[in-house]
Protein chains: 2
Amino acid sequence: MGTREKILAAATRIMREQGYARATTKEIARAAGFSEAALYKHFADKTEIFLGVLASQLPRLDAMLSDLTPGRGTLRGNLVRVTSTAIGFYAESFPIAASLFSSQDLLTAHRDAVHDHGAGPRTPVSRLSGYLRAERKLGRLPSTADPDSMAALLLGAAFQQGFLKHWDTEAVDATALARKLVKAVVPV
Amino acid sequence: MGTREKILAAATRIMREQGYARATTKEIARAAGFSEAALYKHFADKTEIFLGVLASQLPRLDAMLSDLTPGRGTLRGNLVRVTSTAIGFYAESFPIAASLFSSQDLLTAHRDAVHDHGAGPRTPVSRLSGYLRAERKLGRLPSTADPDSMAALLLGAAFQQGFLKHWDTEAVDATALARKLVKAVVPV
DNA sequence: GTCTATATCCCGATAGAC
DNA sequence: GTCTATCGGGATATAGAC
């Protein structure tokens, strides 16, 4: 792992555990095992570090939805797997995503950076929705089913769970929760 | 409107429009039309101002769920109303709620303050769930329906919509969206 | 590429006059 | 209750040696 990656890893950990306010250049440098000056040899400024952290989160959510193949396995089983993975993902990345709201500039910068990759926070919803549409075409969902809403409901619940997880640290069985959510959305 | 309220209003507006990072004592004082020193005559420190802003948001969500009466109106109509109101509420308060993750201390302080009022972010979900349970008892929902999951799905989707609203500023028809979400959750 | 040392700035908070 | 003036501290970022 190169210096750049060590810096990003340290920044990620601090943001997750302490919040954006504590993720100072001094703290990041200390946690990564370098001097503050080293940070600026690898990143133009602090915002670039932060954007790097966010970018490193994106692929994980993407991969989550990549192995969704219409017609394979059971529909409910597939949805439970996706939903429970999403619960874990949002729980981990919520503090970092929330940091975007620290400043309007940060939000705008991240949106632009992400936009260049043709992605965004709507991507998971839209990909899950696409999967459901395909399943409907295969006859595994009633023709009256609404894929967009189903995807928004499942991932929305997972997203909010990410917030709640950080409110109290109450342990939640992600799979059991996912199973109940899916059951309430997918007609038998 | 007294000085204290003016300060809170100014702080709320800045946090919403600019983010927590820009909500400095200097900016808040300027926007409220007072000096920085005046802030400290009405609040012990900056955290107390922030907690005041958050507290002023709470009642609105509470009121939203107060007029839910089991057996009155149509079940779907009631849910559409609640869901669309929730979409608006979360959209407005998301940046402020997200600021909680700026620092672990802030999150803890707010959680403790809210806990003393016997409330929290789980309250809306649990109240909506209670309403649905009552409707199920009245026979307006099948006995197989899962009130907890239904509430988590609807309010979760509304919550995530609050985030997405700030991503792009794409206008969303809250009522139309709510109608689709409710339809996907409530069996006919 | 990495360090030590430092410049510059601005934040939260207080002192003290009125 | 509100102001002006200011303090101490810590943040981002840079200079310059190695």
Side-chain angles (χ1 to χ4, degrees), chain A residues 1-54 95-96 98-110 113, chain B residues 1-54 95-96 98-110 113:
Chain A
M1 192 160 62
T3 302
R4 194 189 153 90
E5 281 69 35
K6 281 183 192 163
I7 292 170
L8 286 179
T12 303
R13 205 179 64 246
I14 294 172
M15 283 183 201
R16 265 214 266 271
E17 297 171 2
Q18 311 273 349
Y20 185 72
R22 285 266 178 93
T24 62
T25 49
K26 189 193 294 279
E27 275 296 302
I28 295 170
R30 203 185 50 77
F34 295 95
S35 68
E36 286 186 74
L39 268 55
Y40 291 91
K41 298 296 180 182
H42 295 268
F43 299 90
D45 52 29
K46 201 196 160 189
T47 296
E48 202 176 289
I49 298 178
F50 185 67
L51 295 181
V53 168
L54 283 160
I96 295 173
S99 310
L100 283 169
F101 288 86
S102 290
S103 108
Q104 189 69 47
D105 294 351
L106 215 55
L107 181 60
T108 304
H110 178 54
Chain B
M1 192 161 62
T3 303
R4 194 189 154 90
E5 281 69 34
K6 279 184 192 163
I7 292 170
L8 286 178
T12 303
R13 204 179 68 246
I14 294 173
M15 284 183 200
R16 265 215 266 273
E17 296 170 3
Q18 309 273 350
Y20 184 73
R22 286 266 179 93
T24 62
T25 49
K26 189 193 296 278
E27 275 297 302
I28 294 170
R30 204 185 49 77
F34 295 95
S35 68
E36 285 186 77
L39 268 55
Y40 291 92
K41 298 296 179 181
H42 294 268
F43 299 90
D45 52 30
K46 201 196 161 190
T47 296
E48 201 177 289
I49 297 178
F50 184 67
L51 295 181
V53 168
L54 283 160
I96 295 173
S99 309
L100 283 170
F101 288 85
S102 290
S103 107
Q104 190 69 46
D105 295 349
L106 215 54
L107 182 59
T108 304
H110 178 53

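These numbers were taken from a predicted model, which means no experiment stands behind them. Below, all heavy atoms of this structure are taken into account, side chains as well, without hydrogens, waters or symmetry copies. Order of the sequence lines fixes the chain letters, A, B, ..., with proteins taken first and strands second; residue numbering starts at 1 for each chain.
- The distance between atom CD of A:Glu27 and atom C1' of D:dT12, rounded to the nearest whole Å, is 15 Å.
- Counting all heavy atoms, side chain and backbone alike, A:Ser103 lies closest to B:Ala21 at CB-CB, 4.2 Å.
- If you look at A:Phe101 and B:Phe101, their ring centroids are not closer than 6.0 Å.
- Of all the heavy atoms in B:Leu8 and B:Gly52, the pair that sits closest is CD2-C, 3.8 Å.
- Among the heavy atoms of the strands lying under 4.0 Å from B:Thr24 are primed sugar atoms or P, OP1, OP2 only; no base atom is included.
- Computed from C1' positions of five pairs at each end, the angle between the two local axes of the helix from C:dG1-D:dC18 to C:dC18-D:dG1 equals 0°, rounded to 10 degrees.
- Between A:Leu54 and A:Leu100, the closest side-chain pair of non-hydrogen atoms falls below 4.5 Å.
- For residues 30-52 of chain A, every residue pair satisfying the salt bridge (Lys or Arg N to Asp or Glu O under 4.0 Å) rule, not counting sequence neighbours, is listed here: A:Glu27-A:Arg30.
- Listed here is the closest heavy atom pair of B:Phe34 and B:Ala38: CB-CB, 3.9 Å.
- At whole-Å resolution of the value, CD1 in A:Ile28 and P in D:dG10 are 17 Å apart.
- Across residues 2-9 of chain B, B:Thr3 each have a non-hydrogen atom less than 4.0 Å from an atom of DNA chain D (numbered order).
- Smallest separation of non-hydrogen atoms from B:Ile14 and B:Ala23: CG2-CA, 3.7 Å.
- Other residues, nucleotides and ligands place more than 12 heavy atoms under 6.0 Å from the CZ atom of A:Arg16.
- Residues B:Met15 and B:Phe50 are in side-chain contact: their nearest non-hydrogen atoms beyond the backbone lie under 4.5 Å apart.
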Residue pair B:Thr25, B:Phe43: steps toward the side chain to side chain contact (heavy atoms under 4.5 Å, CB included) verdict: CA-CA 11 Å; B:Thr25 49; B:Phe43 299 90; over 6 Å; no

Which atoms of nucleotides 13-15 of chain D (N or O only) lie under 3.5 Å from a protein N or O atom, and what are those distances?
from: D:dA13; atom 1: OP2; to: A:Tyr40; atom 2: OH; distance (Å): 3.0
from: D:dA13; atom 1: OP2; to: A:Lys46; atom 2: N; distance (Å): 2.9

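- For B:Arg13, there are no salt bridge (Lys or Arg N to Asp or Glu O under 4.0 Å) partners, not counting sequence neighbours.
- Taking the 5' to 3' direction, DNA chain C first and last meets chain B under 4.0 angstrom from a heavy atom at C:dC11 to C:dA15.
- For the pair B:Gln104 and B:Leu107, the minimum side-chain heavy-atom distance is below 4.5 Å.
- In terms of heavy atoms, A:Ile28 sits closest to A:Ala11 at CD1-CB, 3.9 Å.
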